[in-house]
Amino acid sequence: MTHTRHTTVGWHVEMEFMEDDQHTRAAAMVRLPDGTEVRGHGHASRHRIDENQPRVGEEVAGARALNELAMQLLTKAHDEIDEVSGRTSHPIHV
């Protein structure tokens, strides 16, 4: 009987925000086990008639930063598959 070995790996994402009354910028960064750092950025703007709700701006800008980070991770994975296989890999769908 063969036993499958399970390995637990954890990634910690760091998120930083810069805000003023109308704009929120977010920067997301994850450090992969190989030492590579992948970064994504996001932005949110508050319309002048909207209430000032910094949490909402952080959620929107943060989501956009994480989305950019995710797309960069997919691109990195494609590049690594292509490098090892010597061919162009099929799209990885989110």
Side-chain angles (χ1 to χ4, degrees):
M1 179 180 195
T2 354
H3 293 280
T4 306
R5 186 172 158 213
H6 297 280
T7 304
T8 302
V9 176
W11 291 359
H12 296 277
V13 176
E14 294 178 26
M15 184 77 72
E16 218 173 68
F17 298 97
M18 292 173 289
E19 300 172 277
D20 62 30
D21 286 345
Q22 293 201 290
H23 304 279
T24 303
R25 296 185 188 285
M29 190 271 290
V30 63
R31 187 172 294 110
L32 302 177
D34 67 1
T36 304
E37 290 182 357
V38 181
R39 299 172 189 272
H41 297 88
H43 179 260
S45 297
R46 180 178 68 84
H47 192 277
R48 67 183 180 281
I49 64 170
D50 291 338
E51 277 188 48
N52 189 2
Q53 295 180 289
R55 182 177 47 84
V56 173
E58 289 169 5
E59 291 168 353
V60 172
R64 289 175 174 160
L66 290 170
N67 187 57
E68 183 180 297
L69 190 144
M71 298 313 292
Q72 289 188 40
L73 285 168
L74 285 172
T75 298
K76 182 179 183 313
H78 267 291
D79 293 345
E80 291 172 359
I81 291 168
D82 293 352
E83 187 179 311
V84 170
S85 68
R87 61 180 176 76
T88 302
S89 55
H90 294 287
I92 300 172
H93 299 288
V94 179

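No experiment lies behind these values; they were computed from the predicted model shown. For the numbers below, each heavy atom of this structure counts, side chains included, while hydrogens, waters and symmetry mates do not.
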Student: Search all heavy atoms of A65 against all heavy atoms of G42 and return the closest pair with its distance.
Tutor: CB-N, 3.6 Å
Student: For a 4.5 angstrom cut-off between non-hydrogen side-chain atoms, does R46 reach V56?
Tutor: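 No, their side chains stay 4.5 Å or more apart.
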Student: Below 4.5 Å, heavy atoms only, C-beta onward: do H41 and R25 meet side chain to side chain?
Tutor: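 No; the side chains remain at least 4.5 Å from each other.
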Student: Quick check for you: to the nearest 0.5 Å, what is the distance between F17 atom CZ and R55 atom CZ?
Tutor: 12.0 Å
Student: Quick check: do L32 and V38 have side-chain heavy atoms less than 4.5 Å from each other?
Tutor: yes
Student: Near E83 CD, under 6.0 Å, is it more than 12 heavy atoms from other residues, nucleotides or ligands?
Tutor: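 For E83, atom CD is not crowded (no more than 12 foreign heavy atoms under 6.0 Å).
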Student: Once rounded to the nearest 0.5 Å, what's the spacing between atom CG of N67 and atom CD of Q72?
Tutor: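 These two atoms lie 10.5 Å from each other.
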Student: In Å and rounded to the nearest 0.5 Å, what is the CD to OG1 distance from E80 to T36?
Tutor: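 Here the interatomic distance stands at 7.5 Å.
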Student: Looking at R64 and E68, is there a salt bridge between them, counting it only when a charged N and a carboxylate O are closer than 4.0 Å?
Tutor: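 Looking at E68 and R64, the cut-off is not met.
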Student: Check L73, L74, L69 against M71 for a side chain to side chain contact (heavy atoms under 4.5 Å, CB included) and give me the one that passes.
Tutor: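 Exactly one pass, corresponding to L74.
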Student: Considering only heavy atoms from C-beta outward, does the side chain of E58 approach that of E19 to under 4.5 Å?
Tutor: yes
Student: Is there a path from M29 to L66 through hydrophobic residues (I, L, V, M, F, W, Y) whose side chains come within less than 4.5 Å of each other?
Tutor: no
Student: Okay, side chain of R39, backbone of A27: is any donor-acceptor separation there less than 3.5 Å?
Tutor: no
